[in-house]
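Working notes, beginning with the structure itself.
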Amino acid sequence: MRKIFIYSLMLLFATGCIEVAPQEVHQDVKISKNKTISITYDGTFMDLYDVFVTMDSLKHEQSNDLPNLDEYQKSIIKMLRESKLNKKAYKISGHTFYAKWQEDANISYPNPTPSLLSSYGNEKIPKILTLNSMQISSSAFHFSYDEIDPESKEPTDEWLKNLIKKYALGYKGKVSITIDSDLVLKSNATTTTKLSDGTTLYEWSDLKFEDKESKIDFVFSFDPMDKDRYKLTSAPVGTSCKSLIGTDCKCGPFVLYSYGGYPLSYRGYVIKSNNITKKGCSDKDGNVPSITSKITGNCTITMLNEKESSKLCGNKKIKH
């Protein structure tokens with residue numbers, strides 16, 4: 001029962017395996033153009049001792065394994081300090097603690113590496129933000145807000161509802177991201193401030209777990225070409241390409257490769273872009289030219305098998 005309840009709180013507070021509830025917390029992220037990132041996460045947290053006491057009182061007999069408050073809070077401090085990223089952890093008063101984590105890392109594709117921004121890993125660190133790769137390119141990434149798990153169910157016990165409400169009402173979250181604005185593809189920050197060093201500070205200052213409007217939607221890329229790519233991929237199907245990027249859209253170009261990583265020479269293919277379909281043959285280096293379209297939509301390429309390729313491309317030798 002204790003594990004089930006802790007799991008419920010973990011979902012509610014997005015705290016991973018850590019048995020404290022964040023109260024007033026701030027996550028600060030600084031991103032440089034050389035793909036390095038610095039993250040600080042700090043604030044106040046409440047222990048869950050009254051949860052264990054309440055649960056213990058609901059049993060037919062009092063448990064012998066419930067630690068006293070002093071022992072329990074010492075274990076909390078120990079747990080917080082066990083993280084290799086923890087810089088500070090101490091009790092403030094009552095059931096309230098202060099903790100701070102800091103990390104410097106590189107951003108890589110396809111899985112960004114910072115532990116403080118990851119939903120996975122063994123670090124017992126409360127999360128506000130997660131960082132994910134975008135499919136538009138290997139240089140694009142997306143920040144999102146760690147919300148309540150949509151699969152988690154609201155508890156039916158009134159005492160449990162009241163305890164969760166107690167922690168949720170005390171929660172105040174803030175996020176700040178400092179980055180060169182020319183890297184940003186999308187932002188819904190509450191405030192934006194240009195800094196003296198040329199970077200821009202994006203802030204979300206009033207995040208709440210119970211507020212469905214508390215969402216962070218922030219997309220950035222280290223590749224300048226992704227600005228147009230993102231406009232195209234995020235626009236509704238059928239949008240005028242010229243209205244988005246000032247020119248027609250391109251589907252391609254492509255290079256066809258075998259499973260062994262070698263270019264497929266003179267291989268037949270079919271490209272489809274919206275209502276446009278074109279058949280052709282790759283050149284000696286496996287290159288396939290692009291086709292253009294006036295509106296946004298699907299873009300696919302399909303390789304033909306060797307028999308179909310020979311029929312389409314003649315007697316040219318197919319290299320693997």
Side-chain angles (χ1 to χ4, degrees), residues 31 33-35 106-113 118-120 130-144 182-187 217-320:
I31 302 167
K33 285 188 173 181
N34 64 359
K35 298 187 179 183
N106 294 314
I107 302 177
S108 60
Y109 181 89
N111 298 311
T113 56
S118 173
S119 296
Y120 306 97
T130 55
L131 180 62
N132 301 291
S133 302
M134 296 283 287
Q135 292 185 345
I136 57 174
S137 84
S138 61
S139 297
F141 301 89
H142 176 228
F143 278 115
S144 60
D182 57 352
L183 301 181
V184 179
L185 306 184
K186 181 181 181 181
S187 169
D217 193 3
F218 192 86
V219 181
F220 66 99
S221 176
F222 299 102
D223 184 350
M225 298 296 292
D226 281 343
K227 284 189 179 293
D228 285 348
R229 293 189 188 112
Y230 184 73
K231 288 179 182 178
L232 295 172
T233 57
S234 60
V237 173
T239 302
S240 166
C241 296
K242 285 189 177 180
S243 69
L244 294 173
I245 60 174
T247 185
D248 289 343
C249 294
K250 286 185 177 182
C251 178
F254 301 97
V255 181
L256 304 184
Y257 287 100
S258 67
Y259 286 114
Y262 299 99
L264 288 173
S265 306
Y266 312 120
R267 171 58 66 96
Y269 63 82
V270 178
I271 291 183
K272 292 184 179 181
S273 178
N274 298 317
N275 59 344
I276 302 171
T277 300
K278 180 181 178 181
K279 287 186 177 182
C281 303
S282 62
D283 66 13
K284 64 181 180 63
D285 298 314
N287 294 307
V288 174
S290 61
I291 60 175
T292 59
S293 173
K294 295 185 179 299
I295 58 174
T296 60
N298 295 326
C299 169
T300 61
I301 183 168
T302 304
M303 290 189 294
L304 302 180
N305 60 38
E306 292 192 20
K307 183 177 180 181
E308 293 172 322
S309 290
S310 296
K311 185 177 180 180
L312 179 66
C313 304
N315 295 322
K316 294 179 180 179
K317 185 178 180 182
I318 298 174
K319 298 180 180 178
H320 301 283

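Note that this is a predicted model, so its numbers are computed, not measured.
- Using a 4.5 Å heavy-atom threshold, the side chains of Lys35 and Ser139 count as touching.
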Checklist entry - Can Ile136 and Leu232 be said to form a side chain to side chain contact (heavy atoms under 4.5 Å, CB included), step by step? => result CA-CA 10 Å; Ile136 57 174; Leu232 295 172; over 6 Å; no

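- Between Asp285 and Asp283, the shortest heavy-atom contact is N-OD1, 2.8 Å.
- A distance-only check finds a donor-acceptor pair linking the side chain of Thr113 to the backbone of Asn106 [under 3.5 Å].
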Next on the checklist: I'd like to know whether Met225 forms a side chain to side chain contact (heavy atoms under 4.5 Å, CB included) with Ser137, so could you lay out the CA-CA distance, the side-chain angles of the two residues, the decisive distance to 0.1 Å, and finally the verdict.
Outcome noted: CA-CA 9 Å; Met225 298 296 292; Ser137 84; over 6 Å; no

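- In terms of heavy atoms, Ser309 sits closest to Tyr266 at CB-O, 4.4 Å.
- When side chains are defined from C-beta on, Thr233 does not count as touching Gln135, because their heavy atoms never get closer than 4.5 Å.
- Annotation for Tyr257 and Met303: closest pair O-CE, 4.4 Å, computed over non-hydrogen atoms.
- Remark: Lys250 NZ to Ile245 CD1 distance equals 9.5 Å, nearest 0.5 Å.
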Checklist entry - Passes side chain to side chain donor-acceptor pair (under 3.5 Å), Asn274 versus Ser293? Steps please. => result CA-CA 8 Å; Asn274 298 317; Ser293 173; 2.9 Å; yes

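- A donor-acceptor pair is defined here as one N or O able to donate and one able to accept, closer than 3.5 Å; such a pair exists between the side chain of Ser282 and the backbone of Arg267.
- In this structure, CE on Met134 lies 11.0 Å from OH on Tyr109, to the nearest 0.5 angstrom.
- By the 6.0 Å contact criterion, CG on Asn298 is open, its count of non-hydrogen atoms from other residues, nucleotides or ligands being 12 or less.
- To the nearest 0.5 angstrom, Ile295 atom CD1 is 8.0 Å from Ile276 atom CD1.
- For the pair Ser265 (side chain) and Lys284 (backbone), a donor-acceptor distance under 3.5 Å is present.
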Next on the checklist: As a quick check of understanding, evaluate side chain to side chain contact (heavy atoms under 4.5 Å, CB included) for Phe222 and Ile31, giving each step before the final call.
Outcome noted: CA-CA 10 Å; Phe222 299 102; Ile31 302 167; 3.9 Å; yes

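- Applying the 6.0 Å contact sphere to NZ of Lys272 captures no more than 12 heavy atoms from other residues, nucleotides or ligands.
- The backbone N or O of Cys249 sits nowhere less than 3.5 Å from a side-chain atom of Thr292 that would complete a donor-acceptor pair.
- When all heavy atoms of Pro112 and Ser133 are compared, the closest pair comes out as CD-OG, 3.5 Å.
- Side-chain contact check for Asp182 versus Lys33: some heavy-atom pair is nearer than 4.5 Å.
- The aromatic rings of Phe218 and Phe220 sit tilted relative to each other, their planes meeting at an angle between 30° and 60°.
- With Lys278 contributing its side chain and Ser273 its backbone, the two residues share no donor-acceptor pair below 3.5 Å.
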Item to check | Thr247/Cys241 under side chain to side chain contact (heavy atoms under 4.5 Å, CB included): CA gap, chis, key distance, verdict | outcome: CA-CA 6 Å; Thr247 185; Cys241 296; over 6 Å; no

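- Nearest heavy-atom pair, Lys231 versus Leu244, reported as atom, atom and distance to 0.1 Å: CD-O, 3.6 Å.
- In this structure, Tyr269 OH and Cys313 SG are separated by 8.5 Å, a value rounded to the nearest 0.5 Å.
- Asp226 and Ser221 share a donor-acceptor pair across their side chains, judged by distance under 3.5 Å alone.
- Annotation for Leu264 and Ser258: closest pair CG-N, 3.7 Å, computed over non-hydrogen atoms.
- In this structure the side chain of Pro253 never reaches within 4.5 angstrom of the side chain of Asn287, judged on heavy atoms.
- Between atom CG of residue Leu304 and atom NZ of residue Lys311 there is a gap of 11.0 Å, rounded to the nearest 0.5 Å.
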